[in-house]
K.L.:
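Quick one: the structure is below, questions incoming.
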Amino acid sequence: GRARPAGHVRRARSSLVRHSNPEVTMLPASLLLAAALAADPVPPAACTAPQHRAFDFWVGTWDVTVGAKVAGQNRIERILSGCGLQEHWTGARGNRGTSLNWFDPADGKWHQLWLDDEGTVLRLEGGIKDGAMVLEGEAPGPGGKLERQRITWSKLAGGKVRQHWEASADGKAWRTVFDGLYAPRG
C-alpha cells in the first residue's frame, strides 16, 4: 500500500479531537433533554392504583417453616414497574417453583400462575377478603380428579405472613395442603 503523508495523519487526528469535545457533544443532548422536559408531562405508570399494591405485604425475602420444620426460602419481588409480583421458591428438598401474580383491572381480580419443577401448575384468582389475599382455582388432586384449590395469605404481627393452602373435592370439606409461616430473612 501507499504511505500517507505525515500531515494527513495529523489532520485526521485533529479532526477527531475537534469533534469529540465534550461541550460540543453535550449541547445537542442538553437541547433534547430540555425539549423532552418541556413537553407534556409523562402519564402516570399504568399500575399505580391501590388495588395493584394489595399484595405488597408478601414482597420480600423469606424463610418459610411448617411448624418447627424448615420448608424453604421464598423471594417475592415487584416486576414490570409494579404491575406484577414474581415469586421464586426453593424448597428444603431443593425443589423449585415460580409464580407470576397480577391485578387485572378488566375483571377486578388478582391472578396467580404457579409452575414448579415437579410439573405442578396452578391458575388462581381472587382478591382481598377480611384483610387477607385469597386466591382460588382448580387443579388435579390425588387420583387426577379436579379439586378446588384455595390459598390464603394473611399478614401477621412482626412482619410475618401465613400462607394456608387448602384443597376440596366438593367445595365444602377442606384439607390443608400446606400451612407455612413466612419470616423475613435477617
K.L.:
Say whether H164 and T176, considering side chains only, have a donor N or O and an acceptor N or O under 3.5 Å apart.
P.N.:
yes
K.L.:
Should E118 and N95 count as side-chain neighbours, where that means a heavy-atom distance under 4.5 Å?
P.N.:
yes
K.L.:
Answer with yes or no whether the hydrophobic clustering places L135 together with L122; edges join I, L, V, M, F, W, Y residues whose side-chain heavy atoms lie under 4.5 Å apart.
P.N.:
yes
K.L.:
Is any side-chain heavy atom of L146 closer than 4.5 Å to a side-chain heavy atom of P140?
P.N.:
yes
K.L.:
Between V161 and I128, is there a shared hydrophobic cluster once you connect ILVMFWY residues whose side-chain heavy atoms come closer than 4.5 Å?
P.N.:
yes
K.L.:
From the options N101, T98, N74, select the one residue that forms a side-chain hydrogen bond (donor to acceptor under 3.5 Å, both in side chains) with E87.
P.N.:
N74
K.L.:
Can you confirm whether Y182 sits close enough to R162 that some side-chain heavy atom of one is under 4.5 Å from a side-chain heavy atom of the other?
P.N.:
no
K.L.:
Is the closest side-chain donor-acceptor distance between Q73 and H88 under 3.5 Å?
P.N.:
no
K.L.:
Quick check on the hydrophobic clustering: are I76 and V66 connected, directly or via other members, by side-chain heavy-atom contacts under 4.5 Å?
P.N.:
yes
K.L.:
Atom CZ of F178 and atom CD of Q163: how far apart are they, to the nearest 0.5 Å?
P.N.:
5.5 Å
K.L.:
Quick check: does any side chain N or O of R53 sit under 3.5 Å from a backbone N or O of C47, one acting as donor and the other as acceptor?
P.N.:
yes
K.L.:
Any pair with a residue in residues 96-107 that passes salt bridge (Lys or Arg N to Asp or Glu O under 4.0 Å), sequence neighbours left out, goes on the list, sorted by first then second residue, please.
P.N.:
none
K.L.:
Using the ring of W62 (Phe, Tyr or Trp, six-membered ring only), decide whether R75 places NZ or CZ under 6.0 Å from its centre and within 45 degrees of its axis.
P.N.:
no
K.L.:
Which atom pair, heavy atoms only, marks the closest approach of V121 to L113?
P.N.:
CG1-CD1, 4.3 Å
K.L.:
Measure across S168 and A173 and return the closest heavy-atom pair with its distance rounded to 0.1 Å.
P.N.:
OG-O, 2.8 Å
K.L.:
Would you find a donor on one side and an acceptor on the other, under 3.5 Å apart, between the side chain of T61 and the backbone of R185?
P.N.:
no
K.L.:
With the side chain counted from C-beta on, respond yes when L124 and Q149 share a heavy-atom pair under 4.5 Å apart, and no when they do not.
P.N.:
yes
K.L.:
Under a single-linkage definition using a 4.5 Å side-chain heavy-atom cutoff for Ile, Leu, Val, Met, Phe, Trp and Tyr, are V64 and W165 assigned to the same hydrophobic cluster?
P.N.:
yes
K.L.:
Say you draw a straight line from CH2 of W89 to CG of L115; how long is it, rounded to the nearest 0.5 Å?
P.N.:
15.5 Å
K.L.:
Rounded at 0.5 Å granularity, tell me how far CD1 in I151 sits from CD in E136.
P.N.:
10.0 Å
K.L.:
Return the set of residues passing side-chain hydrogen bond (donor to acceptor under 3.5 Å, both in side chains) with E138 (not counting sequence neighbours), or none when no residue passes.
P.N.:
none
K.L.:
Distance check, rounded to the nearest 0.5 Å: S154 atom OG versus M133 atom CE?
P.N.:
11.0 Å
K.L.:
Any salt bridge linking K109 with E125? Criterion: basic side-chain nitrogen under 4.0 Å from a carboxylate oxygen.
P.N.:
yes
K.L.:
Any salt bridge between R148 and D170, counting N to O under 4.0 Å?
P.N.:
no
K.L.:
Which residues pass the ring-ring contact (aromatic ring centres under 6.0 Å, His included) test with H52, not counting sequence neighbours?
P.N.:
F103
K.L.:
If the condition is side chain to side chain contact (heavy atoms under 4.5 Å, CB included), which residues does L100 pass it with, not counting sequence neighbours?
P.N.:
I79, Q86, W102
K.L.:
Report yes if the side chains of L85 and V59 come closer than 4.5 Å at any heavy-atom pair, otherwise no.
P.N.:
yes
K.L.:
Who pairs with F57 by ring-ring contact (aromatic ring centres under 6.0 Å, His included), at least two apart in sequence or on another chain?
P.N.:
F55
K.L.:
Applying side-chain hydrogen bond (donor to acceptor under 3.5 Å, both in side chains), name anything that partners T65, two or more places apart in sequence or on another chain.
P.N.:
none
K.L.:
Looking at P142 and E147, what are the two nearest heavy atoms and their distance?
P.N.:
CD-OE1, 3.7 Å
K.L.:
At their closest point, which heavy atom of G94 faces which heavy atom of D117, and how far apart are they?
P.N.:
O-OD2, 4.3 Å
K.L.:
Which pair of non-hydrogen atoms, one from A92 and one from V70, has the smallest distance, and what is that distance?
P.N.:
CB-O, 3.5 Å
K.L.:
Using 30° and 60° as the class boundaries, would you call the ring planes of W153 and W58 parallel, tilted or perpendicular?
P.N.:
tilted
